[in-house]
Visitor: 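Right, I'll just put the structure down here and ask away after.
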Amino acid sequence: MPELPEVEIIRRQLATVLPGERITGTEVRLAKAWQDPERLTAVLAESPVRAVRRRGKYLLLVTEQATLVVHLRMTGALLYYPSAEFPDGAHVRVVLTLAGGGRLVFRDVRTFGGITLLSPASSAAWETRANLGPEPFSAAWSGEYLYNVTRGRKTKLKSFLLDQSNVAGIGNIYADEALFQAGLRPRRAAERLTRPQAARLAAAVREVMAASIARGGTSFRDYRDSAGKRGEYVAELQVYGRGGQPCRRCGQILRKIRLGGRATVYCPHCQK
């Protein structure tokens, strides 16, 4: 479930505590949650964390000799505890000990997520192989980009937004919310976007994500930030998860459909 806003919140939190820290111990409780194809685990203790970055829905903990690429997927959480004590449980998959006495705990209920350890060279190559589109908060994401890249694309607008090669970080929640804010139906063919509509949608993507970040992200069941707190943006959702309920803008009943195998909700009156 965690999408760009949730991962960005975790990145910002960890960026205040991890730089300068060293990972001195690694306890892997679920083998598939820790991928180390280059056998770099042993060198982690030799270099401090230099930066905490994000690319799309991926979190990157960068040291001089290795980069930890964290993918939370549906139910993953990366929790920071300033002391050695932390709430243990069946869903704890990886525990990283920090030189300052704290712990980073990777928790994942459904075990779809994980951490991959890469060398600096492999990390740079990974970012290319990941084939991720522009970041929604970057200058590359604009109405003009969106208009140009959708020419000749018959795919549905929501499916277009969910394709990470078109734009990085958007998932089911923010695709529904951005399309509602832009007044566009999820089934509209991408190639039918006019320039003004493309500008409106590009802005809506930024706006709903910024609003979610300001409220700590969206929590339904599993998502927690690095401090274990729930996000409060769920109270602001206009359409996602509200199929069959009245539209908060016009009062008409929101319609729920399946699109590309994903539950999709929109307002037949406010979205054209």
Side-chain angles (χ1 to χ4, degrees), residues 1-4 6-82 84 86 88-132 135 164-165 168-169 222-228:
M1 195 290 299
E3 301 179 27
L4 184 154
E6 289 75 36
V7 180
E8 175 63 15
I9 289 162
I10 295 170
R11 185 202 69 78
R12 293 182 186 185
Q13 292 172 331
L14 294 182
T16 67
V17 295
L18 287 189
E21 274 277 19
R22 288 184 298 110
I23 298 171
T24 57
T26 305
E27 179 188 351
V28 179
R29 300 186 182 180
L30 180 68
K32 72 174 185 177
W34 182 263
Q35 301 297 314
D36 184 6
E38 300 172 278
R39 300 186 178 182
L40 296 168
T41 301
V43 306
L44 281 180
E46 299 175 17
S47 60
V49 175
R50 299 291 298 273
V52 182
R53 297 171 45 215
R54 179 192 54 74
R55 185 70 173 100
K57 301 177 188 180
Y58 295 89
L59 186 70
L60 291 84
L61 309 183
V62 183
T63 76
E64 291 179 355
Q65 299 192 49
T67 296
L68 289 78
V69 180
V70 184
H71 200 184
L72 301 177
R73 293 194 181 271
M74 291 184 66
T75 60
L78 189 62
L79 305 164
Y80 170 76
Y81 296 95
F86 64 90
D88 212 332
H91 303 306
V92 172
R93 309 305 180 187
V94 178
V95 180
L96 302 177
T97 301
L98 303 175
R103 298 289 186 274
L104 273 180
V105 177
F106 179 70
R107 182 181 180 276
D108 191 7
V109 176
R110 299 186 66 180
T111 73
F112 294 143
I115 301 172
T116 302
L117 198 57
L118 299 174
S119 68
S122 296
S123 176
W126 168 85
E127 293 205 39
T128 300
R129 290 195 306 270
N131 191 29
L132 297 174
E135 292 283 330
Q164 300 299 292
S165 68
D222 298 297
Y223 169 70
R224 299 292 186 276
D225 66 14
S226 69

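What you see is a predicted model, and the numbers here were worked out from it, not measured in a lab.
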Visitor: Testing the basics here: between R107 and V109, what is the closest heavy-atom pair and its distance to 0.1 Å?
Guide: NH1-CG2, 3.9 Å
Visitor: Just jot down the side chain to side chain contact (heavy atoms under 4.5 Å, CB included) partners of N131, sequence neighbours excluded, or say none.
Guide: S165
Visitor: For a 4.5 angstrom cut-off between non-hydrogen side-chain atoms, does V69 reach L117?
Guide: no
Visitor: What pairs with S119 under side chain to side chain contact (heavy atoms under 4.5 Å, CB included), at least two apart in sequence or on another chain?
Guide: E38, L40, A121, S122
Visitor: By side chain to side chain contact (heavy atoms under 4.5 Å, CB included), which residues pair with A33, not counting sequence neighbours?
Guide: L30, R93, V94, F106
Visitor: Examine distances only and state if a side-chain atom of E6 and a backbone atom of E3 form a donor-acceptor pair shorter than 3.5 Å.
Guide: yes
Visitor: Looking only at non-hydrogen atoms, find the nearest pair between S226 and L14 and report the distance.
Guide: CB-CD2, 3.9 Å
Visitor: Looking at L118 and P37, what are the two nearest heavy atoms and their distance?
Guide: CD2-CG, 4.3 Å
Visitor: Could you work out, with side chain to side chain contact (heavy atoms under 4.5 Å, CB included) as the rule, every residue matching Q164, not counting sequence neighbours?
Guide: K57, L132
Visitor: Drop me the distance from Y81's OH to R103's CZ, to the nearest 0.5 angstrom.
Guide: 12.0 Å
Visitor: Measuring only between side-chain heavy atoms, which start at C-beta, is L96 closer than 4.5 Å to Y80?
Guide: no
Visitor: Do any side-chain atoms of residues 60-68 form donor-acceptor pairs under 3.5 angstrom with protein atoms, and if so which ones, sequence neighbours left out?
Guide:
from	atom 1	to	atom 2	distance (Å)
T63	OG1	S47	OG	3.3
T63	OG1	Q65	N	3.3
T63	OG1	A66	N	3.0
T63	OG1	A66	O	2.7
E64	OE2	R50	NH1	3.0
Q65	NE2	E46	OE1	3.4

Visitor: Donor-acceptor pair, distance only, cut-off 3.5 Å: does the side chain of D108 make one with the backbone of G113?
Guide: yes
Visitor: Rounded to the nearest 0.5 Å, how far apart are CD1 of I23 and OG1 of T97?
Guide: 9.5 Å
Visitor: Go through it in stages, so that I can follow the logic: the residues are V28 and V95, the test is side chain to side chain contact (heavy atoms under 4.5 Å, CB included), and I'd like the CA-CA distance, side-chain angles, deciding distance and then a yes or no.
Guide: CA-CA 7 Å; V28 179; V95 180; over 6 Å; no
Visitor: Rounded to the nearest 0.5 Å, what's the gap from CG on D225 to CZ on R12? Could you check?
Guide: 12.5 Å
Visitor: Could you tell me whether a side-chain N or O of R54 sits under 3.5 Å from a main-chain N or O of G56, the two making a donor and an acceptor?
Guide: yes
Visitor: I115 and Q35: side chain to side chain contact (heavy atoms under 4.5 Å, CB included), yes or no, with the steps?
Guide: CA-CA 6 Å; I115 301 172; Q35 301 297 314; over 6 Å; no
Visitor: Work out which heavy atom in P2 is nearest to a heavy atom in V7; give both atom names and the distance.
Guide: CB-CG2, 4.3 Å
Visitor: Quickly, which of W126, Y58, F112 forms a ring pair (Phe, Tyr, Trp, His ring centres under 6.0 Å) with H71? Name it, please.
Guide: Y58
Visitor: Judged by modelled atom types alone, do T116 and W34 share a side-chain donor-acceptor pair under 3.5 Å?
Guide: no
Visitor: To the nearest 0.5 Å, what is the distance between CZ on R55 and CG on L4?
Guide: 10.0 Å
Visitor: Using side chain to side chain contact (heavy atoms under 4.5 Å, CB included), reason through I9 and Y223 one step at a time and then give a plain yes or no.
Guide: CA-CA 11 Å; I9 289 162; Y223 169 70; 4.0 Å; yes
Visitor: So which pairs with a foot in residues 15-35 pass salt bridge (charged side-chain N to carboxylate O under 4.0 Å, His left out), sequence neighbours left out?
Guide: E27-R29, R29-D88
Visitor: Answer yes or no: is there a side-chain heavy-atom contact under 4.5 Å between T26 and L44?
Guide: yes
Visitor: Give me the one residue out of R11, R53, E8 that meets side chain to side chain contact (heavy atoms under 4.5 Å, CB included) with L59.
Guide: R11
Visitor: With side chain to side chain contact (heavy atoms under 4.5 Å, CB included) as the test, would you mind laying out the steps for R110 and R73 before giving the verdict?
Guide: CA-CA 9 Å; R110 299 186 66 180; R73 293 194 181 271; over 6 Å; no
